Novice: 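Let me give you the structure first, and then I'll get to my questions.
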Amino acid sequence: QSAPTGQNPFLKGHNANRHLSGEELENNIGGLPVTESRLREMFNMYDTDGSGYLSREEVRKLYEEFDNFGVTYSDREIDAIIAKYAIGVNDGKVDFEEFCCIVLSIAQR
């Protein structure tokens, strides 16, 4: 989005040499979202059936697009990822909070 005429399109950042754009504030250096609104937007994109949860196949698609390095994940591997990030009882699906943990783990690589 462009700034209104006469206004700076950048937000003041901690770097004295330049300001950070809104896009830079909402995404990490790898382009992954880091704000709740961007994470929610991404979650909704992968929640193709609108259930409020990501199924095994939806999690697989997330990993194939962001973290596969050419590797195809088996059902067992995807189930292990879901279990690893389960908050409370592992119900075999990923809610928004668990999704945020997964995305954070991908961003840290």
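Every heavy atom of this structure was used, including side-chain atoms; hydrogens, water molecules and symmetry mates were not. Treat the numbers as computed from the prediction; the structure is a model and nothing was measured.
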Novice: Within this structure, what is the CD-OH distance for the pair E58 and Y46, rounded to the nearest 0.5 Å?
Specialist: 11.0 Å
Novice: Out of curiosity, F96 CZ to L54 CG, how far, rounded to the nearest 0.5 Å?
Specialist: 10.5 Å
Novice: Identify the two heavy atoms, one from F99 and one from L39, that lie closest to each other, and give their separation to 0.1 Å.
Specialist: CE2-O, 3.5 Å
Novice: Do the side chains of M45 and Y53 join up, straight or via other hydrophobic residues, at under 4.5 Å, putting them in one cluster?
Specialist: no
Novice: When hydrophobic residues are tied together by side-chain contacts of less than 4.5 Å, even through go-betweens, does Y63 share a cluster with M42?
Specialist: yes
Novice: Compare all side-chain heavy atoms of K84 with those of N90 and state whether any distance is below 4.5 angstrom.
Specialist: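 They are not in contact (no side-chain heavy atoms under 4.5 Å apart), so the answer is no.
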Novice: Once rounded to the nearest 0.5 Å, what's the spacing between atom CD of E77 and atom OG1 of T72?
Specialist: 9.5 Å
Novice: Could you pull out the closest heavy-atom pair between E98 and K93, with the gap in Å?
Specialist: OE1-O, 3.3 Å
Novice: Report the distance from atom CG of D79 to atom CZ of R60, rounding to the nearest 0.5 Å.
Specialist: 8.5 Å
Novice: Quick check on E97: does its CD atom have over 12 non-hydrogen neighbours (other residues, nucleotides or ligands) under 6.0 Å away?
Specialist: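 No, not enclosed.
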Novice: Could you tell me the separation between the CD atom of E36 and the CZ atom of F43, rounded to the nearest 0.5 Å?
Specialist: 12.0 Å
Novice: Please report the interatomic distance CG(L62) to CG(D47), rounded to the nearest 0.5 Å.
Specialist: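 The CG atom of L62 sits 12.0 Å away from the CG atom of D47.
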Novice: What I want to find out is whether R38 reaches E41 closely enough, with some N-O distance under 4.0 Å, to be called a salt bridge.
Specialist: yes
